[in-house]
Amino acid sequence: SKEFNVWKILVLLMSLLLNSPANARVHKNKNPFRADSESVLRENLAGNEMKAYRYFTQAQVDNDVHLGKLSAIHDYTVYVVSPKLPIERRYALPATVGFVYELSKEYYWVFRQPLMVDSAIRPATVQRGLHLHNAAPAYGERASSHERGTTVDLSRKMSKNEYKWLGVRLMYYRATGRVLVIQERNCFHIFVIGDLQ
């Protein structure tokens, strides 16, 4: 389609810009997605505005999977799921799954490599155990947005060019109000702002 061809051209131009000498002068430690004291709070405020339900138990997740309120994240050509992610946690809200597919398709078109999903829904009972390892708490106004199905983690195991390209795309989507992003040690933590179905 004509719209898809326009996207191809934009993605190609972005790739060229990323590899330009002017871009090489950008300070390496500059992180536009660095977490601050309000990052998780902003995600929870957005989740509240969306009326995104917070899942406390795996049984609640399983029930909403059965009702079709949560969509499965399956391996596709354009993205794969980490084998370390348990089957029962490979779900997210439909808008979140749709965004991951769209972003991965753009990435795959440029690099012919799939993105890897490291994490998706995580009920509070799971998050509570992770909090001991510097993760967000399971309860309260700064609780992890993974509990809502709004959030996925995409692996940062990629080349420098792939990493720069993905960073530019995520800046674009953040600027358009589609996502909130935190760059963590091994992943991009992406909260997708979308309508609930």
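Here the structure is a predicted model, which means the values were calculated and not measured.
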Contact between [X] and [Y] at the side-chain level, heavy atoms closer than 4.5 Å - yes or no?
{"X": "Val179", "Y": "Arg174", "result": "yes"}
{"X": "Arg122", "Y": "Asp153", "result": "yes"}
{"X": "Ile193", "Y": "Glu49", "result": "no"}
{"X": "Gln113", "Y": "Met158", "result": "no"}
{"X": "Val152", "Y": "Val97", "result": "no"}
{"X": "Thr150", "Y": "Val192", "result": "no"}

With side chain to side chain contact (heavy atoms under 4.5 Å, CB included) as the test, would you mind laying out the steps for Arg169 and Glu106 before giving the verdict?
CA-CA 9 Å; Arg169 288 307 290 152; Glu106 294 170 9; 2.8 Å; yes
Spatial distance of atom [atom1] ([X]) from atom [atom2] ([Y]) [nearest 0.5 Å]:
{"X": "Ile190", "Y": "Ser119", "atom1": "CD1", "atom2": "OG", "result": "11.5 Å"}
{"X": "Leu103", "Y": "Leu115", "atom1": "CG", "atom2": "CG", "result": "5.5 Å"}
{"X": "Ile121", "Y": "Tyr55", "atom1": "CD1", "atom2": "OH", "result": "5.5 Å"}
{"X": "Asp62", "Y": "Glu88", "atom1": "CG", "atom2": "CD", "result": "8.0 Å"}
{"X": "Thr77", "Y": "Lys105", "atom1": "OG1", "atom2": "NZ", "result": "12.0 Å"}

Applying side chain to side chain contact (heavy atoms under 4.5 Å, CB included), run through Tyr53 and Gln60 and close with a yes or a no.
CA-CA 10 Å; Tyr53 178 76; Gln60 292 171 325; 2.8 Å; yes
State yes or no: do [X] and [Y] share one hydrophobic cluster built from I, L, V, M, F, W and Y residues joined by side-chain heavy-atom distances below 4.5 Å, directly or via other members?
{"X": "Tyr91", "Y": "Met116", "result": "no"}
{"X": "Ile182", "Y": "Leu41", "result": "no"}
{"X": "Phe111", "Y": "Val80", "result": "no"}
{"X": "Leu170", "Y": "Val100", "result": "yes"}

Output, in order, the C-alpha distance, side-chain angles, deciding distance and verdict of side chain to side chain contact (heavy atoms under 4.5 Å, CB included) for Leu154 and Val117.
CA-CA 5 Å; Leu154 296 181; Val117 178; 3.8 Å; yes
Run the ring-centre check on Tyr163 versus Phe188 and record whether the distance is less than 6.0 Å.
yes
For [X] and [Y], work out which heavy atoms get closest and say how close.
{"X": "Ser144", "Y": "Arg54", "value": "O-NH1, 3.0 Å"}
{"X": "Glu43", "Y": "Ser145", "value": "OE1-OG, 2.8 Å"}
{"X": "Arg156", "Y": "Arg185", "value": "NH1-O, 3.0 Å"}
{"X": "Tyr79", "Y": "His74", "value": "CE1-O, 3.0 Å"}
{"X": "Gly194", "Y": "Ala95", "value": "CA-CB, 4.1 Å"}
{"X": "Ala120", "Y": "Arg89", "value": "CB-O, 3.4 Å"}

Under the side chain to side chain contact (heavy atoms under 4.5 Å, CB included) criterion, do Ile73 and Leu85 qualify, and how do the steps go?
CA-CA 11 Å; Ile73 301 174; Leu85 184 62; over 6 Å; no
Whether the Arg148 and Asn48 side chains hold a donor-acceptor pair (N or O, under 3.5 Å, no angle test) is what I'd like checked.
yes
Which residue is it: Phe99, Phe191, Phe33? I am looking for the one with a ring pair (Phe, Tyr, Trp, His ring centres under 6.0 Å) to Tyr173.
Phe99
Answer yes or no: is there an ion pair linking Lys157 with Asp118, defined by an N-O contact shorter than 4.0 Å?
no
Take atom OH of Tyr101 as the centre, draw a 6.0 Å sphere, and report whether it contains more than 12 heavy atoms from other residues, nucleotides or ligands.
no
